[in-house]
Amino acid sequence: MPAELTLVIPTFNESANLRELVRRVDVALNGVDWEMIVVDDNSPDRTWALAKDFSREDPRVRCLRRVNRRGLAGACIEGMLASAAPIVAVMDADLQHDESILPKMLEKIRGGADLVVGSRHVEGGSADDGFSARRAAISRFATFLAKKALRAEFSDLMSGFFMLRREIVETCAENLTPAGFKILADLVASAPRRLKVEEVGYTFRERTAGESKFDIKVGLDFIGLMLNKVSGGRIPVRFIFFALVGASGVAVHMATLFACLALGLDFDFAQSAAVLVAMTSNFFINNAITYRDAKIKGLGPILLGLVYFYGVCAIGAVANVGIADLLFNRYGLVTIAALAGVVMGSVWNFALSSLFVWRRD
């Protein structure tokens, strides 16, 4: 018989916290038929090995080790789909989520709720101790954006602590975005119907061991996800980042161009230098953000990837000029022709970069 509740625990370098987490969950869920799936992204600290040791001691604990795949959202999706229990919950391994509210969350699901969110923003909830001022500001801004984009009626769309009926995950799994760090908003946006959502307040604790994975990239992921959902899923999250990086390249290009001109260099040389610097900047930013789950590492591979990227951008420039020239000659509309060329060049660069520069073997 499958357990009633599966706890999905996405991990990366959480070996210092895992044993205590299992102990606390066991105490909190006394009398509940539960299991735990630790989904580990091949942690260098061998969190996966520790989880497998636990599974030999306690068959309720299982480990799903992911190799050459990274990202909290993807780990949560794989863990939830690996469960056979009717109810699944997601919580972090860093002990900042309060496991003592799990029984309350489970009772609300048993009582008819589709989704129960552990919330820092309702009665009984707080994040003052566990959040830095910067993280709190990012969280508030992202929650504001998500509420506007999804018309959500509950308070903590950025929560990583929630419980829901597994059938909901099964029905919308193909529409979920595995990249990024925030899965709750994606689940709400992708669900085939409006969910009955309830919240349980809890105090977000301070981390006592390990390092937080929350940074500016998480905020960018969330903005990309919201734009993806607002577009009805038509614009891939990765392309949104690629386009934003390209836009930043314009600023780099202009700054380099004017710097070269200020040094007395002729325009042709300055323009060529600006193009090279902008392409180089775009490559390294894309490697760090857009394709960080397929990040190129090592001096040799990076130099080779950079050469490939130069080649891709050269082909993209041809596509840009070609489509712009075609539309201008046919319709005589300068702005539309230019913008169409930019879009075509961007799509071409994105497609070829994904295939040849950051390809996954």
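Here, residue 1 is the first one in the sequence, and each next residue gets the next number. The structure displayed is predicted, hence computed values, not measured ones.
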Main-chain N/O of [Y] paired with [X] side-chain donor or acceptor, under 3.5 Å:
X      : Y      : result
Asn17  : Leu95  : no
Asp41  : Phe12  : no
Ser159 : Gly118 : yes
His97  : Asp92  : yes
Arg238 : Phe350 : no
Asp114 : Lys196 : yes
Asp45  : Ser15  : yes
Arg165 : Ile109 : yes

Any side-chain heavy-atom pair from [X] and [Y] closer than 4.5 angstrom?
X      : Y      : result
Leu352 : Cys313 : no
Met91  : Met105 : no
His253 : Gln271 : yes
Glu14  : Val38  : no
Tyr310 : Thr280 : yes

Is Asp26 salt-bridged to Arg23, going by a charged N under 4.0 Å from an acidic O?
-> no

Taking 4.0 angstrom as the limit, do Lys104 and Glu107 come out as a salt bridge?
-> no

Take Ser248 and Asn282, measure what side chain to side chain contact (heavy atoms under 4.5 Å, CB included) needs, and give me the verdict at the end.
-> CA-CA 8 Å; Ser248 76; Asn282 286 358; 4.2 Å; yes

Point-to-point distance, once rounded to the nearest 0.5 Å, from [atom1] of [X] to [atom2] of [Y]:
X      : Y      : atom1 : atom2 : answer
Leu7   : Met80  : CG    : CE    : 12.5 Å
Asp266 : Leu261 : CG    : CG    : 8.5 Å
Asp186 : Ile183 : CG    : CD1   : 5.0 Å
Asp94  : Leu18  : CG    : CG    : 11.5 Å
Leu195 : Ile168 : CG    : CD1   : 5.0 Å
Asp40  : Thr11  : CG    : OG1   : 3.5 Å

When clusters are formed by joining ILVMFWY residues with side-chain heavy atoms under 4.5 Å apart, either directly or through shared neighbours, do [X] and [Y] land in the same one?
X      : Y      : answer
Phe356 : Ile315 : yes
Met254 : Leu265 : no
Leu355 : Leu304 : yes
Val307 : Val275 : no

Using a side-chain heavy atom cutoff under 4.5 Å and only I, L, V, M, F, W and Y, what cluster partners does Val252 have?
-> Val277

Given Val312, Thr290, Asn286, the one that forms side-chain contact (heavy atoms from CB on, under 4.5 Å) with Ser353 | Val312

Step-by-step ring-ring contact (aromatic ring centres under 6.0 Å, His included) determination, Trp358 to Tyr308 = CA-CA 10 Å; Trp358 287 278; Tyr308 280 147; over 10 Å; no

Only pairs under 3.5 Å count here: list side-chain donor-acceptor contacts from residues 342-349, not counting sequence neighbours, and write none if there are none.
unit_1 : atom_1 : unit_2 : atom_2 : d
Ser346 : OG     : Val342 : O      : 2.9
Asn349 : ND2    : Gly345 : O      : 3.4

Whether Phe242 and Phe309 hold their rings parallel, tilted or perpendicular, with breakpoints at 30° and 60° | perpendicular

Any chance you could lay out the side chain to side chain contact (heavy atoms under 4.5 Å, CB included) test for Leu21 and Ile9, step after step, and finish with the verdict?
-> CA-CA 10 Å; Leu21 175 69; Ile9 314 294; 3.8 Å; yes

Minimum heavy-atom distance [X]-[Y], with the two atoms named:
X      : Y      : value
Ile296 : Val357 : CD1-O, 3.5 Å
Gly79  : Ile37  : O-CD1, 3.7 Å
Ala274 : Thr256 : CA-CG2, 3.7 Å
Ser83  : Arg166 : O-CD, 3.2 Å
Leu187 : Cys172 : CD2-SG, 4.0 Å
Ser43  : Asn13  : OG-N, 2.7 Å

Quick note, ring-ring contact (aromatic ring centres under 6.0 Å, His included) partners involving residues 14-68, not counting sequence neighbours, are none

Take Leu102 and Met163 through the test side chain to side chain contact (heavy atoms under 4.5 Å, CB included) and record every step on the way to the result.
-> CA-CA 9 Å; Leu102 285 168; Met163 186 181 294; 3.9 Å; yes

Do other residues, nucleotides or ligands put more than 12 heavy atoms under 6.0 Å from the CD atom of Glu174?
-> no

Check whether the side chains of Tyr202 and Ser100 place a donor and an acceptor atom closer than 3.5 Å, and report yes or no.
-> no

